[in-house]
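In what follows, every chain begins at residue 1, and chains take the letters A, B, ... in the order their sequences are listed. Note that the structure is predicted; figures quoted are calculated from it, not measured.
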Amino acid sequence: MQVNDNKEFQPLIVAFCCNWCSYAGADLSGTNRLNYPTNVKIIRVPCSCRVNPMFILRAFQRGADGVILCGCHPGDCHYTSGNYFTRRRMTLLFSMLDFLGIERDRTRVEWVSAAEGAKFAATMNEFTEAVRKLGPNRRLEDLRCRKQ
Amino acid sequence: MQEAMINRAKQLLADGSVDRVIGWKRGEFVYDITPAVFTSAEELDADFVYDDFTAANVSKYLVKESKKEGKILAFLKPCDTYSFNQLIKEHRIVRENIYVIGIPGGPKLDAERIKANGITGILGAKNDNGTLIIDTVYGEEKMPYYEALSVKCLNCKSKKHVVYDELIGEDGDILDSNRFDMVEKLENMTAQERYDFWREQLSKCIRCNACRNVCPACTCEKCVFDNPDSGVENKAATDSFEENMFHIIRAFHVAGRCTDCGECSRVCPQNIPLHLLNRKFIKDINSLYGDYQAGEDTTSRAPLNDYKQDDCEASIVHERGVE
Amino acid sequence: MNKNLQEQVLRSSGVNVLKCMRCGKCSGTCPSYDEMEYHPHQFVYMVERGDIETLMNSKSIYKCLTCFACVDRCPRNVEPAKVVEAVRLAAVRQQGNNHMNPNQIPEMLDEDLPQQAIVTAFRKYIK
Amino acid sequence: MQRIGVFVCHCGTNIAATVDVKTVAEALGHEPGVVISQDYQYMCSESGQNLVKNAIKEHNLTGVVVCSCSPRMHENTFRKAAAAAGLNSYMVEIANIREQCSWIHKDIATATEKAIILGKAAVAKVHLNAPLTAGESPVAKRALVIGGGIAGIQTALDIAEAGFDVDIVEKNPTIGGKMAQIDKTFPTLDCAACILTPKMVEASQNEHITIHSFSEVTDVKGFVGNFTVTIKKKARFVDETKCTGCGLCTEKCPMKKVPNEFNMGLDNRSAIYIPFAQAVPKVATIDPNYCMMMKTGKCGVCSKVCSAGAIDYKQQDKFIEQKYGAIVVATGFNPINLDKYDEFAYNQCPDVVTSLELERLMNAAGPNGGTLLRPSDKTHPHKIVFVQCVGSRCDDSKGKPYCSKICCMYTAKHAMLIREKYPDTEVYVFYIDVRTPGKNFDEFYRRAVEQYNVHYIKGMVGKVTPRSDGKIDVQASDLLANEQLHIDADMVVLAAAIEPDKTARPLATMLTTQMDTNDFFTEAHPKLRPVESATAGIFLSGACQGPKDIPETVAQASAAAAKAIGLLVKNSITCNPCVAHSNELMCNGCSSCEKVCPYGAITYIDKEFRMPDRTTAVRRVANVNPAVCQGCGACTVACPSGAMDLNGFSNSQIMAEVDAICK
């Protein structure tokens with residue numbers, strides 16, 4: 001459970017979830033009342049392959065501290081192959097961000113099925129903590145968007 | 001070489017095989033050489049240049065030129081043929097309208113690097129056994145030949161023409177280029193060092209768009225940076241994020257399509273080593289998905305439009321290299 | 001069960017014993033089968049269980065010809081001969097555990113001994 | 001500017017206990033464009049829906065945001081409500097403040113804050129929503145079945161039964177497939193021909209079924225409900241309409257040394273041939289590779305003896321084009337090539353045979369008239385060794401990674417039949433596992449052991465060596481006895497792995513359907529949609545989808561037929577409006593989108609554009625077929641210029657959500 005301590009840094013986490021597996025997995029963790037921090041805000045997309053690298057950069061620009069992308073497990077994509085493309089795209093994008101010196105723990109891809117409510121919650125807890133440790137995103141932010 | 005090229009171009013124009021010729025002509029200075037289209041023997045005799053300063057890749061110009069009426073003759077250096085093939089693969093140029101003559105490539109000289117040695121007023125230059133003898137308005141100057149070479153030629157990947165209708169001179173081989181050495185060096189730095197390195201480099205960017213405009217992979221009908229609906233449109237970088245974003249998106253857009261021709265770094269007025277971003281993608285693609293050279297052929301699937309069921313997970317980024 | 005030995009055998013052989021589906025084709029194919037106390041498929045299974053010392057103490061490790069028939073025919077690419085070799089290596093690497101002295105070899109040679117067996121035998125006498 | 005209504009649901013206390021719904025409604029009421037913001041006990045109830053409907057009418061709303069449970073729960077409910085009130089149903093967005101907020105958070109202040117942010121994101125998205133209309137596309141009332149084995153025949157019969165026209169395309173001169181070659185069927189031991197041939201005849205006589213034998217599919221265009229297929233009718237040099245199937249030509253043909261494919265090359269046929277007596281259509285075919293007339297121009301015997309005048313040496317391949325609403329793939333399987341398994345001596349010794357060859361050797365219509373004789377010297381074998389899992393369950397480099405599923409049962413069948421007919425024959429079966437999950441299957445296997453005394457040995461054959469005395473030395477392990485065996489066998493039968501027919505891969509490309517690495521067609525969902533391919537309108541029947549025995553194949557064939565009928569009964573299909581579309585002005589025509597589209601929904605057209613200087617230019621641009629597109633969005637990211645966008649999840653909508661969340 002999240003302790004709303006003002007002193008503690010509260011990262012903003014944007015989670016892109018595919019409609020068929022991960023969004024349903026997120027719903028399941030809700031149905032099972034498995035807590036994860038309010039820091040996580042989910043955006044629904046039809047498939048993980050709908051997520052353009054530009055969306056991820058946009059999130060960082062606007063003040064997100066971490067971005068996580070969730071999709072069906074490889075081989076289980078509702079659209080048969082979408083997540084395979086996602087995997088290559090995100091591997092290369094994250095590698096590039098790492099190459100530019102952006103903290104690698106700010107980005108993540110996780111495969112969460114519609115049955116893995118517990119995994120969804122655990123992943124979000126873990127990821128939020130990892131980003132919290134990194135502190136605010138400074139290396140990839142737009143100063144005009146910085147919150148006062 | 002220049003002579004042979006002009007003669008052959010004149011022949012082809014005369015017998016009606018081609019209607020235009022794309023080559024190069026001199027600008028204000030001897031080293032200021034830009035692509036140009038010639039339509040007559042007279043124009044060729046007057047202006048056609050091919051020398052050690054002629055580095056520009058004319059492939060991209062063919063996107064527009066090949067769609068015009070009639071046939072055009074293009075002289076392509078080995079590195080240019082890769083870009084040419086890639087453009088064919090993406091249906092951006094009309095192959096039937098182009099007659100390709102493969103010509104020997106570099107190494108080419110970089111006037112900026114000569115000037116960096118304090119040598120100005122350049123009138124000409126030639127290599128004499130590793131020493132570059134430069135004729136200037138102030139007399140003769142010397143410098144090590146190697147230090148005057150264009151960065152894009154230092155790690156030349158191939159002397160082989162992957163496409164041509166005829167060749168002038170001999171064809172070469174694919175080279176062992178060590179072109180990933182610098183990428184590797186950066187990979188072995190800490191994240192903070194890398195961040196500092198790129199901040200220093202990218203903060204020099206003045207958003208002149210030269211890299212984009214010269215890039216043979218950047219031929220979009222409308223660039224996302226010019227499109228108000230794309231969400232990333234911007235004309236001038238107002239802060240560090242936008243400097244980064246422009247270059248990340250540009251590199252990502254050409255990932256798997258970049259042939260590593262090196263034009264981006266060559267034309268950058270701020271000398272930002274932009275090719276390192278592209279090479280990082282190429283290196284990743286090679287090591288994660290198998291060797292792939294964009295433009296080597298016209299049929300293979302681009303790595304980002306392809307997948308294998310047992311591809312590595314994105315978490316590999318977290319597991320390797322230096323944090 | 002000796003974890004260290006098992007680890008060593010798995011590493012030096014490079015074999016993933018878990019790929020074995022226990023079909024026994026290796027033993028069906030082995031020309032030295034009748035000479036061996038433990039047979040190729042048993043090697044794989046016993047290494048999987050970590051029962052390495054039993055194998056090291058068995059003469060079987062010196063009976064394998066390293067003919068690689070089992071490696072060639074294993075449907076699952078388990079490569080039993082490499083496991084046998086690795087166990088043999090584990091034994092050979094222990095001081096004073098030499099199977100025999102090279103001087104003994106000439107008198108053992110006979111017409112029927114496969115060439116390959118002689119060649120293979122030499123690998124057993126390091127130190 | 002949109003006029004947006006926000007409706008915050010309490011869901012009893014499910015939401016209201018953790019999220020201060022009044023505050024949420026209040027906060028969202030201040031968002032730009034929001035003209036009304038209300039909260040209610042149960043928004044999904046009749047009265048809750050009426051609240052939404054009335055607000056739409058009263059306030060002239062152009063967009064609706066419902067803050068409630070997951071859209072997977074009630075998105076449709078509210079879309080219908082909006083439509084009932086005259087608002088386009090795609091102008092509704094849901095903010096999930098139950099599953100993804102109230103149920104997982106405990107602190108009211110932060111949960112409320114998050115609910116407001118989720119609401120704001122939904123409002124931001126609705127601002128960019130555009131009304132979408134689901135398109136309709138007509139359905140051609142005809143089905144195509146590719147493959148005329150038992151799977152294809154059953155599917156065609158079932159579709160025809162429902163009153164729809166069906167075409168069967170079979171690449172061989174006759175339908176029947178593998179089942180026609182099989183002698184007896186497990187676990188009942190009834191004769192395969194006795195149950196198959198009536199079905200073949202039924203298919204040929206059904207007024208709704210057209211059989212294109214000796215034909216291939218060469219091109220497929222179009223999409224669900226509207227496929228245009230080109231079928232090549234290969235020249236058989238015999239006029240199908242004239243030939244009576246009397247067989248006189250086959251008797252008189254002087255060229256009689258052609259390996260007979262139907263009998264697995266174990267005997268010969270003539271150059272003009274009818275594959276077997278019950279072939280459908282019963283029409284002769286000339287094999288141009290052997291026909292003297294075709295090769296040398298000298299002969300013409302068949303033409304002379306044919307009283308129907310059916311022989312036509314000049315016949316050409318014919319192409320026909322036909323429209324179909326649904327396509328069923330039933331391309332079946334083949335045993336694998338055993339060339340690389342040297343240890344079994346299949347290529348050295350004629351008495352080492354595959355199980356399918358054994359079927360022919362034992363069949364009354366086979367090369368030996370049903371008496372089991374060794375191919376080499378035509379003597380009775382007295383000791384027969386069966387080897388299981390030849391090329392199945394292998395590492396990828398050694399064979400097929402999967403279990404071929406049917407071998408355990410047919411081997412038990414063979415063993416039993418041999419012991420029944422020739423009790424003096426000893427039969428050994430080397431097995432790794434005996435896999436008999438099926439109705440009456442294990443009982444069948446036990447009968448082989450207990451009643452027929454078949455020797456089942458747990459172990460594998462390592463080496464098969466033909467000996468000079470005509471015997472075959474079989475060296476194998478007996479794992480349970482812990483010994484190595486040598487059996488001096490008279491015959492060895494290999495249960496070769498089965499693989500999809502080689503024509504399946506190019507066909508999959510034409511159909512833009514997915515295949516796995518083994519070239520089996522991939523079903524749309526492994527559990528819930530096992531007979532549909534991921535491409536709409538393409539269905540899978542039989543072993544092309546995975547190894548199957550006859551009952552399973554027939555079951556799947558009927559299931560595929562049911563799915564196809566379900567499509568054909570519709571006059572038109574409603575398309576999902578949340579599909580991709582390309583902005584032609586920005587499209588580069590680079591083919592990136594086409595490469596990542598799993599459905600083949602994208603094609604390219606050359607289109608003329610007016611240029612600013614009043615000239616025209618022709619450019620190659622992408623064109624999305626909305627009836628085929630399923631809306632995954634893979635193309636939108638592959639597109640370098642951003643010309644490709646997705647209805648309902650557009651670039652600007654998703655970025656607006658990002659912005660709202662990060663604000």
Q. Which residues from residues 403-411 of chain D are near chain C, with near meaning under 4.5 Å between non-hydrogen atoms?
A. none

Q: Under 4.5 Å, heavy atom to heavy atom: which of residues 473-497 of chain D reach chain C? Give them by number, or say none.
A: D:Gln475, D:Ala476, D:Ser477, D:Leu479, D:Asn482, D:Glu483, D:Gln484

Q | Qualifying residue for salt bridge (charged side-chain N to carboxylate O under 4.0 Å, His left out) with D:Asp395, from C:Arg76, C:Lys19, C:Arg73 | A | C:Lys19

Q) How long is the gap from CE on D:Met460 to SG on C:Cys26, to the nearest 0.5 Å? A) 11.0 Å

(Q) I need the minimum non-hydrogen distance between C:Met21 and D:Arg393, along with the two atoms involved. (A) CE-O, 3.3 Å

**Q.** Interface moiety of C:Cys30 toward chain D, non-hydrogen atoms closer than 4.5 Å
**A.** both

Q) What's the spacing between D:Cys394 SG and C:Lys25 NZ if we round to 0.5 Å? A) 7.0 Å

